[in-house]
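Take a look at the structure below.
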Amino acid sequence: MRKFVIMGIQGSGKGTQAKLLAEDLDLEHISVGDILRWNVQHHTKLGAQVRRIVASGRLVDDDLAEAVVRQRLSEHDWNYGFIIDGFPRSARQAEFNLDLPDAEVHRRVLARRLCSQCGLDYNLIAHRPQVADVCDVCGGRLAMRDDDNPEALAIRLAEYHAQTKPLIEIFQRKEFVATIDATSPVRDVQAIIRQHFSLPPLTAAPQ
């Protein structure tokens, strides 16, 4: 059974890489961000709490994220293993971190757009809609996420570096971590990840 944790600042592409691994290796993709966004969109009590935290530009605290991950893992629907996206403190067989310079984080994150109706993600750098500010699928209005602004991003970057770097250093001493350069194309990043962990080559092209 394979168990992975993928770490990286927003905009590093960790969700894309996690999905490629999950779909190709029959792993369950457990995205803390997706779970939290679902709760926000469905106006749950947890969602209201998350909305307040995100609007202030802060990261969700460890206790809240840990509770979400513990609940999701308790469903035991991962026969061949799982990959946890966005939360490092969990059972692991291997771990890797996607490294991205802060300047590139700013460029990628501030180019993100989200459909206000269907929730489809766009990026004005690599995935532009056919019509500006209009979703290709449902025609909904595209908008920036509430926390995708320079002020909130500066806070998130500072918190990420302060909280995550020491954790990565601990894992590196135990040889559990591979740090991958996330500035490369999606397929190249995926290939490097697989080389580090002796995984079979990607069988399908990234969508």
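Throughout, numbering of the chain's residues begins at 1 and tracks the sequence.
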Just do the side chain to side chain contact (heavy atoms under 4.5 Å, CB included) check on M144 and R112 with the steps written out, would you? CA-CA 6 Å; M144 296 182 71; R112 296 193 305 192; over 6 Å; no
Which ring-ring contact (aromatic ring centres under 6.0 Å, His included) pairs, counting each pair once, include a residue from [range], with sequence neighbours left out?
range: residues 8-34; answer: none
range: residues 44-68; answer: none
range: residues 5-25; answer: none

Could you pull out all residues at least two apart from [X] that satisfy salt bridge (Lys or Arg N to Asp or Glu O under 4.0 Å)?
X: E159; result: none
X: R156; result: D147, D148
X: D146; result: R51
X: R70; result: E66

If only atom types and distance count, is the side chain of [X] paired as donor or acceptor with the main-chain N or O of [Y] below 3.5 Å?
X: H42; Y: W38; result: yes
X: D136; Y: Q130; result: yes
X: S184; Y: V189; result: no

Would you compute the distance between atom [atom1] of [X] and atom [atom2] of [Y] and round it to the nearest 0.5 angstrom?
X: I6; Y: S12; atom1: CD1; atom2: OG; answer: 7.0 Å
X: R113; Y: L124; atom1: CZ; atom2: CG; answer: 4.5 Å
X: I30; Y: I83; atom1: CD1; atom2: CD1; answer: 10.0 Å
X: I193; Y: K14; atom1: CD1; atom2: NZ; answer: 12.5 Å
X: F4; Y: I84; atom1: CZ; atom2: CD1; answer: 12.0 Å
X: L27; Y: L20; atom1: CG; atom2: CG; answer: 11.5 Å

In the hydrophobic cluster built from side-chain contacts under 4.5 Å, what are the other members alongside Y122?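 Members other than Y122 - counting any ILVMFWY side chain reachable under 4.5 Å - are L120, V137, L142.
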For a side chain to side chain contact (heavy atoms under 4.5 Å, CB included) check, start with the C-alpha distance between V40 and L36, then their side-chain angles and the critical distance, and finish with the verdict. CA-CA 6 Å; V40 170; L36 296 179; 5.6 Å; no
Candidate list I35, N39, L73, test side chain to side chain contact (heavy atoms under 4.5 Å, CB included), partner V68, passing option: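 Exactly one pass, corresponding to I35.
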Do the side chains of L25 and F197 join up, straight or via other hydrophobic residues, at under 4.5 Å, putting them in one cluster?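 The answer is yes; both residues are in one hydrophobic cluster.
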Which residue pairs pass the salt bridge (Lys or Arg N to Asp or Glu O under 4.0 Å) test with at least one member in residues 26-45, sequence neighbours excluded?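 Found E28-R72, D34-R37.
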Sequence neighbours excluded - salt bridge (Lys or Arg N to Asp or Glu O under 4.0 Å) pairs with any residue from residues 124-133: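 Passing the test, one end in residues 124-133: no pairs.
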Kindly write out the residues that satisfy ring pair (Phe, Tyr, Trp, His ring centres under 6.0 Å) with H43, not counting sequence neighbours, or none if the list is empty.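 None.
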Show the nearest heavy-atom pair for residues C118 and C135, with the distance to one decimal.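 In this case the closest contact between C118 and C135 is SG-SG, 3.7 Å.
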Determine which pairs satisfy side-chain hydrogen bond (donor to acceptor under 3.5 Å, both in side chains) with at least one residue from residues 188-200, sequence neighbours left out, and list them in order.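 side-chain hydrogen bond (donor to acceptor under 3.5 Å, both in side chains) check on residues 188-200 returns Q17-Q190, D24-R194, Q190-R194.
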